[in-house]
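Inspection log for the structure reproduced underneath, given as structure tokens.
Treat the numbers as computed from the prediction; the structure is a model and nothing was measured.
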Amino acid sequence: MSGPSLRKKQPHHAIHEGGLSGAVQKTDQLKQSMQIKDNQKIEACIQDLVDYWETRILSHADAEEEEGGLYYEIAHNHPDKKEDIVQLTRDHDILRILVSQIKKEAETTNDYGHILDKFNALMIVNEIHSRDEERLLEE
């Protein structure tokens with residue numbers, strides 16, 4: 001079951017901001033490694049970022065979607081918000097798809113620029129998703 005801070009706008013916003021700022025910081029470290037062309041460091045940064053997205057961002061998404069969690073509660077208490085929940089869940093699916101693609105590409109290619117593009121896409125989708133979700137909480 002998800003905690004009470006998922007249900008309140010300000011604490012939820014703080015969780016989102018903390019997650020995004022960590023992703024930005026780690027992505028900047030990847031960019032720096034790419035500038036010095038240190039493949040070993042680049043690959044370590046990619047793995048660190050994948051781990052971060054899985055343990056920090058996607059685990060948060062999982063908590064929101066779990067039975068009895070935030071999305072269940074909103075859909076149950078506000079049937080008119082069901083479509084919003086479907087869209088927010090789809091955002092989570094897109095994040096999961098991108099992380100999965102990054103993991104696969106990291107094993108099979110050294111096109112680090114393309115992988116960086118996907119990390120940037122993750123941050124964009126996550127930022128838009130977070131604002132949409134927070135608007136739902138303030139209603």
Side-chain angles (χ1 to χ4, degrees):
M1 173 132 346
S2 55
S5 44
L6 288 181
R7 289 162 175 74
K8 297 183 180 176
K9 183 178 187 272
Q10 288 301 63
H12 204 123
H13 175 75
I15 291 168
H16 287 164
E17 287 303 305
L20 183 59
S21 69
V24 168
Q25 183 181 32
K26 290 179 178 297
T27 302
D28 287 344
Q29 291 169 352
L30 173 59
K31 290 175 188 174
Q32 291 168 1
S33 298
M34 290 172 66
Q35 287 177 343
I36 60 173
K37 298 179 184 354
D38 181 343
N39 286 3
Q40 198 169 20
K41 191 168 183 178
I42 292 168
E43 290 167 9
C45 285
I46 290 170
Q47 185 58 52
D48 186 40
L49 261 166
V50 166
D51 290 345
Y52 184 84
W53 277 95
E54 289 180 331
T55 60
R56 181 75 188 258
I57 310 295
L58 295 179
S59 66
H60 173 75
D62 292 342
E64 291 172 334
E65 293 178 14
E66 70 186 9
E67 183 73 26
L70 177 65
Y71 288 3
Y72 175 85
E73 186 178 295
I74 291 171
H76 180 74
N77 294 334
H78 305 281
D80 60 311
K81 305 280 187 221
K82 254 186 174 164
E83 182 59 34
D84 294 317
I85 298 304
V86 168
Q87 291 175 0
L88 292 169
T89 302
R90 177 60 178 151
D91 293 345
H92 289 167
D93 291 341
I94 291 169
L95 296 174
R96 290 180 186 106
I97 290 166
L98 285 166
V99 169
S100 177
Q101 288 175 349
I102 289 167
K103 288 170 71 170
K104 197 173 290 183
E105 289 176 24
E107 294 174 2
T108 60
T109 184
N110 63 353
D111 185 354
Y112 303 127
H114 185 68
I115 291 172
L116 176 62
D117 290 343
K118 290 197 176 191
F119 279 121
N120 286 325
L122 276 168
M123 289 188 292
I124 292 167
V125 170
N126 189 58
E127 188 172 16
I128 293 167
H129 166 82
S130 295
R131 298 304 82 84
D132 288 347
E133 188 174 271
E134 290 163 16
R135 273 193 293 276
L136 189 63
L137 289 174
E138 68 187 344
E139 294 178 357

* **Within 6.0 angstrom of Lys31 NZ, more than 12 heavy atoms from elsewhere** =>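 Count over threshold, so yes.
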
* NZ (Lys118) with more than 12 external heavy atoms under 6.0 Å -> yes

Roughly how far, to the nearest 0.5 Å, is [atom2] of [Y] from [atom1] of [X]?
X      : Y      : atom1 : atom2 : result
Met34  : Leu116 : CE    : CG    : 5.0 Å
Glu43  : Asp38  : CD    : CG    : 9.5 Å
Ile74  : Ile85  : CD1   : CD1   : 4.5 Å
Leu88  : Leu70  : CG    : CG    : 9.0 Å
Ser130 : Arg135 : OG    : CZ    : 10.5 Å
Tyr52  : Cys45  : OH    : SG    : 14.5 Å

* Ionic contact status for Arg96 with Asp62, cut-off 4.0 Å -> yes

* Asked: Is Arg90 paired with Glu83 through a side-chain N to carboxylate O contact shorter than 4.0 Å?
  ->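 No.
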
* Same cluster for Val125 and Leu30 if Ile/Leu/Val/Met/Phe/Trp/Tyr side chains link at under 4.5 Å? -> yes

* **ILVMFWY cluster, Ile128 and Leu137 together (side-chain gap under 4.5 Å)** =>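 The answer is no; the residues belong to distinct hydrophobic clusters.
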
Are any of the side-chain heavy atoms of [X] and [Y] separated by less than 4.5 Å?
X     : Y      : result
Ile57 : Leu122 : no
Val50 : Phe119 : yes
Lys81 : Leu136 : yes

Among side-chain atoms of [X] and [Y], is any donor-acceptor pair under 3.5 angstrom?
X      : Y      : answer
Tyr71  : Glu65  : no
Gln47  : Asp51  : yes
His114 : Gln101 : no
His60  : His92  : no

Heavy-atom closest pair, residues [X] and [Y]:
X     : Y     : result
Glu66 : Ala63 : CG-O, 3.2 Å
Lys26 : Leu49 : CB-CD2, 3.6 Å
Ala75 : Lys82 : CB-CG, 4.0 Å

* Can you spot which of Gln87, His16, His13 makes a side-chain hydrogen bond (donor to acceptor under 3.5 Å, both in side chains) with Glu133? =>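 Considering Gln87, His16, His13, a side-chain hydrogen bond (donor to acceptor under 3.5 Å, both in side chains) with Glu133 is found only for His16.
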
* To do: Identify, with sequence neighbours excluded, every residue that meets side chain to side chain donor-acceptor pair (under 3.5 Å) alongside Gln29.
  =>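 Once residues adjacent in sequence are excluded, Gln29 has no partner under the side chain to side chain donor-acceptor pair (under 3.5 Å) criterion.
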
* To do: Test side-chain contact (heavy atoms from CB on, under 4.5 Å) on Glu64 and His12 and set out the steps.
  => CA-CA 11 Å; Glu64 291 172 334; His12 204 123; 2.8 Å; yes

* **side-chain contact (heavy atoms from CB on, under 4.5 Å) partner of Trp53, chosen from Leu98, Asn126, Ile102, Asp48** =>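 Of all the options given, the one that passes is Asn126.
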
* Show your reasoning for whether side-chain contact (heavy atoms from CB on, under 4.5 Å) applies to Tyr112 and Asn110. => CA-CA 5 Å; Tyr112 303 127; Asn110 63 353; 3.6 Å; yes

* side-chain contact (heavy atoms from CB on, under 4.5 Å) assessment of Glu54 paired with Lys103 -> CA-CA 11 Å; Glu54 289 180 331; Lys103 288 170 71 170; 2.8 Å; yes

